[in-house]
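Below is one structure, written out as structure tokens; comments come after it.
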Amino acid sequence: MPLNFQIIGISKHFPLHSIHINMEREVRVRFAPSPTGALHIGGVRTALYNYLFAKKNGGKFLIRIEDTDQTRFVPGAEEYIKESLAWAGIETDEDPWKGGPHGPYRQSERKAMYMQYALDLVEKGHAYYAFDTSEELDAMRERLTAARVVSPQYNSITRTTMKNSLTLPEDEVKARLASGEPYVIRIKIPRKEEVRLNDMIRGWVMVHSSTLDDKVLMKSDGMPTYHLANIVDDHLMGITHVIRGEEWLPSAPLHVLLYKYFGWEDTMPQFAHLPLLLKPDGNGKLSKRDAEKHGFPVFPLEWTDPNTGGQVAGFRESGYLPDAFVNFLALLGWNPGNQEEIFSKEQLIEAFTVERIGKSGTKFDINKANWFNEIYLRAKPNVELAEYLLASLKQEGIACTPEKAAKVCGVMKERATFPTDFWKEGKFFFLSPTSFDEKIAEKKWNNDTVNALTAYKEELLANTETITPELAKALLTTALEKKGIGMGKVMQGVRLAITGVGAGPDLMEVIEIIGKEEVIKRIDFAIDNLKAYIH
RNA sequence: GGUCCGUUCGUCUAGGGGUUAGGACGUAUCCCUUUCACGGAUAAAACACGGGUUCGAUUCCCGUACGGACUACCA
């Protein structure tokens, strides 16, 4: 794409690179999880926002696995991430599994390229070797704490007392390196400098460099830390916007400094730090414990930790529909600015802007998630819903035609929250009642009900037409008129006899689905078995 | 402790110098339904506090309080 002349004209006064690049660069964003366990719902939201942003702006969304900490690697976690995003319908353009032009997409596989960047910083005087052992580090912190230093850290002051290439003679440094002694490379944070960044959500954030510490860039095992790896990779992968959780905000100034020292300021991505997802009660970050405490999932998929054996519930397994889940998640911290709440994925892409992401933490409310699920469940065609019911029935060993299952779902969906409710609340469509709701029986089972049912049975027997809801109702009306009993008086009893419970979909529709013969059988059974309730 | 971020109904939020502070979930009540829901309607429910600035502040500024994140050779 050629630059237009106006921009070239401006370039006399403003740096051309930044204007040029910002306008011409394709939007590229990434989700960079660590494979250390199940992907938290907050992570899914971060991925979702990245995805929505990319698609909205005609850009690319990619996944990069940040597995630089080998000690925290958990088998299966990577697969879990992949499956979670797939379930939620968050599609990637580039990732470790399908690859892409900027691979590899696993930091462990990029290991070889980080050292040269760290060394580049050392050469430029922005980083240095450090040989301190962890015991020495601990001792330093203890010493500083004892001296009531407010923040004991490896920084411009303390580094002068430690074992590093700034304090040791050059020869000794060389000797130590040559001897294979373990070392790390630390960034050399300037003593006095104001570091600022313009966060897309929070505006200007300013931090004084004196509060930053000399973070480790290269670990002694030859792996980079997150701070180094994420800057190098984002740069190499052409990332234009970094949308990540608020927990990264404190280290963002460090990252800005790194871009500066590498000389990549012109293409430094824009940052957007997302508000946290909080516990539904009280305060704090939403955690696994909340799931256990409140009985709802905080992870997209069910997960069993291979190391601890600990198990967590998943939204998928709990019966949440992917579209409902995504819709719910999108509104947790973002809003469209109008009063609409129901958004398909495509509509979310269309409506999404970073500007409308809120600043404050968001408490997690499962009620709202359930509401979304109900909305999406009702919008689904009955045949699609039937698949869920058919699956439940198969587990129970009950045969059923797809047509009947669809019909059951059709009448049940108005009252269901989860697909599993079709079976749970609608067992009576498939199983004759063997027991009855005692409370209803106590209240509604009486001579009138028995008389009404007896008369109804006669009418059903006498009629030879195929039963429909209308016919079922007409016959009941006739029976009741003959007996001189009001419908309202016995309806609950009739329902109880036929379904065994006091609540359910329209009874006449239930009768149609169950069929005349079965209804008659159930009436007989109820009359025989509920005698004790007649006073 | 230090640094940074935040604070509108119980929850998610809209709004923004003058509003009856709007919507949604949840809750309650009523209507519809000769059954159960769905649906509809109504109600209760919020600008953390104190100073400024201003004719006027929930909105802007500064404090305080409260909450949170970060403070590893973890990400």
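Reminder, nothing fancy here: chain letters follow the sequence lines and each chain counts from 1.
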- Residues that A/K163 engages under side-chain hydrogen bond (donor to acceptor under 3.5 Å, both in side chains), provided they are two or more places apart: A/E136
- Choose from B/C36, B/C12, B/G6 the nucleotide whose nearest atom is closest to any side-chain atom of A/A503. B/C36
- Gap between atoms CG and P, on A/D290 and B/U11 respectively (whole Å): 15 Å
- Length of the line joining A/K279:NZ and B/U11:C1', which is rounded to integer Å: 16 Å
- Those residues that, when tested against A/Y80, pass side-chain hydrogen bond (donor to acceptor under 3.5 Å, both in side chains) (two or more places apart): none
- Message: Judged by each residue's nearest nucleotide on RNA chain B, which is more toward the 5′ side, A/D506 or A/D365?
- Response: A/D365
- Query: Hey, is NZ on A/K407 packed in by over 12 heavy atoms from elsewhere, all under 6.0 Å?
  - Reply: no
- Query: Atom CD of A/E341 and atom C1' of B/U11: how far apart are they, to the nearest Å?
  - Reply: 12 Å
- Kindly state which residues belonging to residues 367-375 of chain A come within less than 4.0 angstrom of RNA chain B, counting heavy atoms of the residue only, listed by number. A/N367, A/K368, A/W371
- Message: Roughly how many Å apart are B/U42 and B/G23, using the P atom of each and rounding to a whole number?
- Response: 9 Å
- For B/G26, the Watson-Crick or wobble counterpart (both distances under 3.5 Å): none
- Task: Mind checking the CD1-CZ spacing from A/I243 to A/R45? Nearest 0.5 Å is all I need.
- Result: 11.5 Å
- For the side chain of A/S34 and the backbone of A/E66, is there at least one donor-acceptor N/O pair under 3.5 Å apart? yes
- Message: I'd like to know if A/R415 reaches the base of B/C38 with its side chain such that a donor and an acceptor end up less than 3.5 angstrom apart.
- Response: no
- Message: With rounding to the closest Å, how many angstrom separate the P atoms on B/U13 and B/U7?
- Response: 11 Å
Show me the side-chain donor-acceptor pairs of residues 479-493 of chain A shorter than 3.5 Å, one per line, residues at least two apart or across chains.
from	atom 1	to	atom 2	distance (Å)
A/K482	NZ	A/E459	OE2	2.7
A/K489	NZ	A/D448	OD2	3.1

- Item | Pair partner, B/G6 [Watson-Crick or wobble, under 3.5 Å] | B/C66
- Message: Keeping A/T449 on the side-chain end and A/K444 on the backbone end, is there a donor-acceptor pair under 3.5 Å?
- Response: yes
- Scan every strand shown for a Watson-Crick or G-U wobble partner of B/G1, both distances under 3.5 Å, and answer none if you come up empty. B/U71
- Item | Cation over ring face, A/R176 and A/F131, 6.0 Å, 45° | yes
- Do any N or O atoms from the side chain of A/T68 and from the backbone of A/T225 form a donor-acceptor pair under 3.5 angstrom? no
- Ion pair A/D138/A/R141, N-O distance below 4.0 Å: yes
- Query: How close or far is atom P of B/G39 from atom NZ of A/K413, stated in whole angstroms?
  - Reply: 13 Å
- For nucleotides 68-75 of chain B, just jot down a letter per nucleotide in 5' to 3' order: B, S or -, based on protein non-hydrogen atoms under 4.0 Å. SSS--BBB
- Return the nearest nucleotide to the side chain of A/S360; candidates are B/U35, B/G39, B/U7. B/U7
Under 3.5 Å, N/O pairs linking protein and nucleotides 27-34 of chain B:
from	atom 1	to	atom 2	distance (Å)
B/U34	O2'	A/G488	N	3.1

- Message: So A/R356, base contact, sugar-phosphate only, or nothing? Heavy-atom distance under 4.0 Å.
- Response: sugar-phosphate
- Query: A/N335 has an atom CG; how far is it from atom C1' of B/G22, in whole Å?
  - Reply: 13 Å
- Base, sugar-phosphate, or nothing: which does A/R202 touch, judged by heavy atoms less than 4.0 Å apart? sugar-phosphate
- Ignoring the backbone of A/R378, work out which of B/U3, B/C38, B/C4 is nearest its side chain. B/C38
- Message: Rounding to an integer number of Å, can you tell me how far A/Q339 CD sits from B/C12 C1'?
- Response: 13 Å
- Query: Is B/A37 paired to anything, Watson-Crick or G-U wobble with both distances less than 3.5 Å, and if yes, which nucleotide?
  - Reply: none
- At under 4.0 Å between heavy atoms, what does A/G358 touch on the DNA or RNA strands: base, sugar-phosphate, or nothing? nothing
- Message: Whole angstroms only, please: what is the CZ-P distance between A/R148 and B/G2?
- Response: 14 Å
- Message: From CD1 of A/I342 over to C1' of B/G23, roughly how many Å is that when rounded to an integer?
- Response: 13 Å
- Item | Test: A/E78 and A/K82 ion pair at under 4.0 Å | no
- Message: Looking at B/A14, which nucleotide sits across from it as a Watson-Crick or G-U wobble partner, both distances under 3.5 angstrom, or is there none?
- Response: none
- Answer for the Watson-Crick or wobble partner of B/C60, both distances under 3.5 Å, is B/G52
- Task: Run the salt-bridge test on A/K443 and A/E438 with the 4.0 Å N-O cut-off and return the result as yes or no.
- Result: no
- Item | Salt-bridge present (A/E374, A/K413; N to O < 4.0 Å) | no
